[in-house]
Amino acid sequence: MATPIGNAGDITLRALETLRGVDAIACEDTRVTAGLLRRYGIATPLFPYHEHNAARMRPQILGRIADGQAIALVSDAGTPLISDPGYKLVREARDQGLAVYHLPGANAAITALVLSGLPSDRFLFLGFLPHKSGGRRAALEEVRGLRTTLVLYESPQRLADLLADAAAILGPRDAVMARELTKLFEEVRRGSLTDLAAHYAAAGAPKGEVVVVIGPPDAAAEQADAADLDSLLRQALASMSLRDAAAHVATATGQPRKTVYARALELGRTGDSDGTPPDTP
Ligand code: SAM
């Protein structure tokens, strides 16, 4: 079940009733959840369930449920399983035919998306990207062509690096940095990825927790990119084989080689290049 992401009032009546009524509560950090229970005068026993003891604890939890006990699973904040432990527990409980219910509530990704003012009809939650720039850039490359809003979690210390890599790979899309959601110092800062990257490179790590929301590529920018790609390919095809031209333009633009090769093939087929016959990548 979900617990608050900052404002202790963001917990449902059903969640409080359930926390009071279950036999035990599995939580990431017993000190954090004890604070929540204290606030609401709940005395249900707690035990830890986190990435370091999950494999050992899972059979015990499932055994207790199979024996008829009701066990609640909470994370330190927000919705369990969303960049938090719980997925394998739910999967194994389902595999064993045990009843699983979720009590919905707070979640930082959805809160940031709703506040961002960016398109919310299609979005992709990416969680935390790899910490190192190479892995992060590769992950951003994978989603660059998608026409969806992207939602990412990041630590404040890595925020500037994430924004710099996102600006380099995705271009100057509209974006939002949402900080300390539901808390006293909640802040939603909008700007292009380039502007936000420059801001945090200069300002340093902000305080508190952050979510980054990145809008989809805008249609005009996509068309301009496509026109640039075609013109670069035509130039390259004038003096190179199709394979070499695609490799050359892929390196120059940072676009995936497969995509560039497919476009080069199309240009070659429609006779829109120098007529060099297609070869294989
Ligand atoms: N399960 C949680 C949820 O439902 O949102 C997320 C847990 S994840 C380990 C923690 C990350 O969520 C933080 O690093 C931050 O990116 C985001 N987050 C959690 N609470 C937040 C808040 N109040 N304001 C901004 N971001 C928050």
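Starting from 1, each residue takes its place in the sequence as its number. Counting starts at 1 for both ligands and their atoms, in listed order.
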Can you report which non-hydrogen protein atom sits closest to [atom], along with the distance?
atom: atom 18 (N) of ligand 1; answer: A108 CB, 3.4 Å
atom: atom 25 (C) of ligand 1; answer: E209 O, 3.2 Å
atom: atom 22 (C) of ligand 1; answer: L181 N, 3.5 Å
atom: atom 7 (C) of ligand 1; answer: D84 OD2, 3.3 Å
atom: atom 26 (N) of ligand 1; answer: V211 CG2, 3.3 Å
atom: atom 9 (C) of ligand 1; answer: S83 O, 3.2 Å
atom: atom 5 (O) of ligand 1; answer: Y153 OH, 2.7 Å

* Are I5 and N107 close enough, and set up right, to give a side-chain contact (heavy atoms from CB on, under 4.5 Å), and what steps lead you there? -> CA-CA 7 Å; I5 55 168; N107 166 251; 5.8 Å; no
* **Main-chain N/O of A106 paired to T79 side chain as donor or acceptor, under 3.5 Å** =>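 Yes, T79 side chain to A106 backbone: donor-acceptor pair under 3.5 Å.
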Any side-chain heavy-atom pair from [X] and [Y] closer than 4.5 angstrom?
X: E154; Y: L163; result: no
X: P206; Y: L159; result: yes
X: T149; Y: S120; result: no

Under 4.0 Å from any heavy atom of [X], which atoms of ligand 1 are there?
X: N107; value: 3 (C), 4 (O), 5 (O)
X: F128; value: 8 (S), 11 (C), 14 (O)
X: K183; value: 23 (N)
X: A77; value: 1 (N), 2 (C)
X: E154; value: 14 (O), 16 (O)

Please tell me whether [X] and [Y] have a donor and an acceptor in their side chains that are separated by less than 3.5 angstrom.
X: H131; Y: R158; result: yes
X: Y49; Y: R58; result: yes
X: N7; Y: T182; result: no

* Option set T3, D76, I82, V74, criterion heavy-atom distance to atom 6 (C) of ligand 1, minimum ->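 Residue with the shortest heavy-atom distance to the ligand atom: I82.
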* If hydrogens are left out, which of I5, T79, V210, N7 has an atom nearest to atom 23 (N) of ligand 1, that is, the closest non-hydrogen atom? ->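 Minimum heavy-atom distance to atom 23 (N) of ligand 1 goes to I5.
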* To do: Determine the minimum heavy-atom distance between S155 and F128, stating which atoms define it.
  =>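 Reported closest heavy-atom pair: N-CE2, 4.3 Å.
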* **Salt bridge flag under 4.0 Å for residues R263 and E266** =>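 Looking at R263 and E266, the cut-off is met.
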* Asked: Does ligand 1 have a heavy atom under 4.0 Å from the side chain of E186, from its backbone, from both, or from neither?
  ->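 The answer is neither; E186 stays 4.0 Å or more away.
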